[in-house]
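In what follows, a single structure is set out as structure tokens and then discussed.
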Amino acid sequence: MAALLLDYDVNTAKASELEEMKKLLISQKEYLRAYSSDDINNMVGGDAWVHHMWSGDFLYLQQGVADDPTVLDFEAPREGTPINSDTYAIPTNAKHPGTAMVFIDYLLRPENAIKNMNYLYYPFPVKDALPAFADLAKDVPACNVEISDLENEDVFRLLGADEIQRRAAMWTEVKAS
Amino acid sequence: VVAVQPAARRAPRSAQRTRLWGALLALPTAWMVTFFVSSMVIVVLLSFGRTTNDGFPVFATSTANYRALWNEVYLELLLRSLLYALATVVISVLIAYPVAYAIALHGGRYKNALIAAIVVPFFASYLIRMYAWKALLSDDGLVNSGLRGSGLSDGVTFLNTPGAVVGGLVYGFVVFMILPIYASLEQIDKRLIEAGRDLYSSSRTAFRKITLPISMPGVIAGTLLTFIPAVGDYVNATFLGGPNQAMIGNVIQSQYLVTKDYPIAAALSFVMMAVIVVLVLIYIKFAGSESLMGEDRAL
């Protein structure tokens with residue numbers, strides 16, 4: 001989010017840009033209660049009223065946990081929103097790759113994808129299941145992800161070890177300072 | 001005067017007994033070497049290693065990881081962790097001593113039940129208990145609801161403060177302070193205290209000159225048992241801390257599990273262990289290794 005605010009690539013690992021992001025994130029610490037990813041618990045416990053959270057966590061919080069869903073809302077910042085995808089993967093050394101493939105096919109059947117979406121609150125890239133997700137997110141348009149969103153430049157890429165290391169070192173300094 | 005028993009009477013050991021001890025020690029030694037020493041060696045070796053571009057740790061002979069740690073951020077983290085651990089020890093002693101004292105000297109036939117009452121909650125997973133603390137101390141949690149309901153306060157911000165982190169550490173480790181102090185107090189020959197009273201000492205003097213010195217091995221053992229895990233803890237700062245309460249354990253944890261940079265995590269672990277070992281050695285030297293050994297003698 002700091003990268004987007006400063007108009008950098010969301011995947012940046014440039015030292016100069018990381019330094020600016022670090023300064024920004026440290027400077028706002030005095031206004032924050034915590035940097036935490038325990039979003040649902042923090043919101044339910046009343047410890048946070050504004051939280052940086054993934055869209056699916058928000059939908060789960062609103063529709064699966066909250067006493068009064070109408071008091072909660074999700075806003076996608078105008079600077080952009082990082083997009084991330086989880087994947088089904090078969091390890092190269094899997095003992096039964098064929099069975100895994102069959103199982104993934106099963107999970108991707110629209111009726112099963114819909115069951116999963118209703119549990120996870122994240123969209124699945126299954127054409128016939130997407131209307132069901134749009135229905136789930138109908139009150140919160142910002143949480144609705146279209147396939148076209150995946151062509152967005154704010155999608156997290158797989159980074160090299162040195163890039164991850166530089167970003168992590170920056171984050172460590174933010175947390176520690 | 002702490003003349004509990006005359007100095008140990010050492011019977012000369014027969015060769016047979018030595019062999020028996022050797023055989024009994026073989027299994028634990030093998031266990032420790034296989035699982036403890038070997039993993040330590042891997043950590044130390046890996047701390048000189050590097051991470052390949054596709055994210056795998058490999059052994060090497062570089063000191064780059066240690067040089068990367070030469071940064072005031074890590075110093076601050078380490079100092080904060082040591083400070084929190086020290087506070088944990090002090091508060092734990094203040095809580096544990098009276099509890100152990102009351103149970104050991106005035107517990108009567110309820111002694112075992114009282115000790116069980118202290119130990120049983122610790123059978124629950126540490127993580128679960130910390131989650132429970134978070135739920136209790138939340139702004140809308142049970143404690144604050146109680147305070148608001150009783151009109152005592154409009155609510156207190158407990159979470160995300162140093163107090164919450166130290167409180168969680170105390171709650172997590174206080175039992176390791178209570179048990180050793182209890183064990184040393186329980187062995188006290190009450191006749192020593194009675195003798196002191198017979199010689200016109202006040203109960204305060206009797207406590208200071210008899211009970212306290214005899215229980216010191218328990219306090220010292222408890223200090224080590226709470227201080228060492230508290231320094232490296234990361235669960236408390238994760239759940240109960242705020243933006244300024246990160247501890248060294250949090251960074252080690254995230255280097256191992258989030259960034260997956262094992263070499264730097266290994267270097268950080270090694271530095272932390274080294275600092276703890278040095279501090280413990282200094283502590284034992286000043287606290288007197290003799291009082292640590294005292295427990296053996298009293299047996």
Side-chain angles (χ1 to χ4, degrees), chain A residues 2 13 15 18-19 22-52 61 65-68 71-72 84 89 91-93 156-177, chain B residues 50-58 64-65 68-69 71-81 131 134-142 144-145 155 157-161 164 237-248 250-252 254-256 258-265 268:
Chain A
L18 290 177
E19 188 60 31
K22 183 177 90 183
K23 280 188 201 149
L24 174 68
L25 291 170
I26 291 174
S27 72
Q28 68 176 24
K29 271 174 103 171
E30 60 177 306
Y31 308 110
L32 296 178
R33 187 160 179 185
Y35 278 123
S36 168
S37 48
D38 198 11
D39 46 16
I40 294 169
N41 283 320
N42 290 334
M43 292 294 285
V44 170
D47 301 313
W49 292 12
V50 180
H51 213 297
H52 169 199
L61 168 73
V65 188
D67 295 331
D68 180 5
V71 299
L72 297 166
N84 196 30
T92 50
N93 60 351
F156 281 130
R157 274 186 292 110
L158 187 62
L159 299 173
D162 53 335
E163 293 173 308
I164 294 176
Q165 156 113 51
R166 279 202 295 281
R167 288 166 65 98
M170 182 271 275
W171 183 233
T172 301
E173 289 185 39
V174 170
K175 281 195 289 187
S177 65
Chain B
R50 60 184 179 82
T51 308
T52 61
N53 243 346
D54 44 0
F56 288 99
V58 286
N65 299 313
L69 296 184
N71 179 328
E72 63 187 46
V73 168
Y74 292 105
L75 183 68
E76 196 181 329
L77 273 173
L78 189 62
L79 287 179
R80 186 186 297 145
S81 306
Y131 253 119
K134 181 166 179 164
L136 281 174
L137 297 182
S138 284
D139 286 5
D140 292 346
L142 226 57
N144 269 316
S145 310
T157 305
F158 292 110
L159 284 187
N160 315 110
T161 60
T238 303
F239 289 132
L240 309 173
N244 301 313
Q245 277 90 49
M247 292 174 72
I248 195 134
N250 296 82
V251 177
I252 296 178
S254 76
Q255 292 285 12
Y256 268 121
V258 182
T259 324
K260 303 209 162 62
D261 189 336
Y262 288 11
I264 201 144
L268 204 51

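Proteins come first, then strands; the chains are lettered A, B, ... in the order of their sequence lines, and each starts at number 1. Both backbone and side-chain heavy atoms feed into the values below; hydrogens, waters and symmetry mates do not. If you're wondering where the values come from, they're calculated on a predicted model, not measured in any experiment.
Among B/V258, B/L77, B/L159, the residue making the largest number of heavy-atom pairs under 4.5 Å with chain A is B/L159. Ranked by non-hydrogen atom pairs under 4.5 Å with chain B, the options A/L32, A/L158, A/D38 are led by A/D38. Put simply, of B/Q245, B/Q255, B/K134, B/M247, the one with the most heavy-atom pairs under 4.5 Å next to chain A is B/K134. For chain A, the option among B/N244, B/I264, B/D140 with the highest count of heavy-atom pairs below 4.5 Å is B/D140. Between chain B and the residues A/A169, A/A168, A/G46, the most heavy-atom pairs under 4.5 angstrom are made by A/G46.
Of the two parts of B/I248, neither the backbone nor the side chain holds a non-hydrogen atom closer than 4.5 Å to a non-hydrogen atom of chain A. With a 4.5 Å cut-off on non-hydrogen atoms, B/T52 touches chain A through its backbone but not through its side chain.
A side-chain hydrogen bond (donor to acceptor under 3.5 Å, both in side chains) with A/Y35 holds for exactly one of A/K175, A/Q28, A/K29; it is A/Q28.
At most 12 heavy atoms of other shown residues, nucleotides or ligands fall within 6.0 angstrom of atom CZ in B/F56.
Salt-bridge annotation for B/E76 and B/R80: present, with a side-chain N of the basic residue lying under 4.0 Å from a carboxylate O of the acidic one. The pair A/K22-A/E19 meets the salt-bridge criterion, since a charged nitrogen lies less than 4.0 angstrom from a carboxylate oxygen.
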Verdict with supporting geometry, B/N144 and B/S138, side chain to side chain donor-acceptor pair (under 3.5 Å):
CA-CA 7 Å; B/N144 269 316; B/S138 284; over 6 Å; no

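The side-chain heavy atoms of B/L75 and B/L79, taken from C-beta on, include a pair separated by under 4.5 Å.
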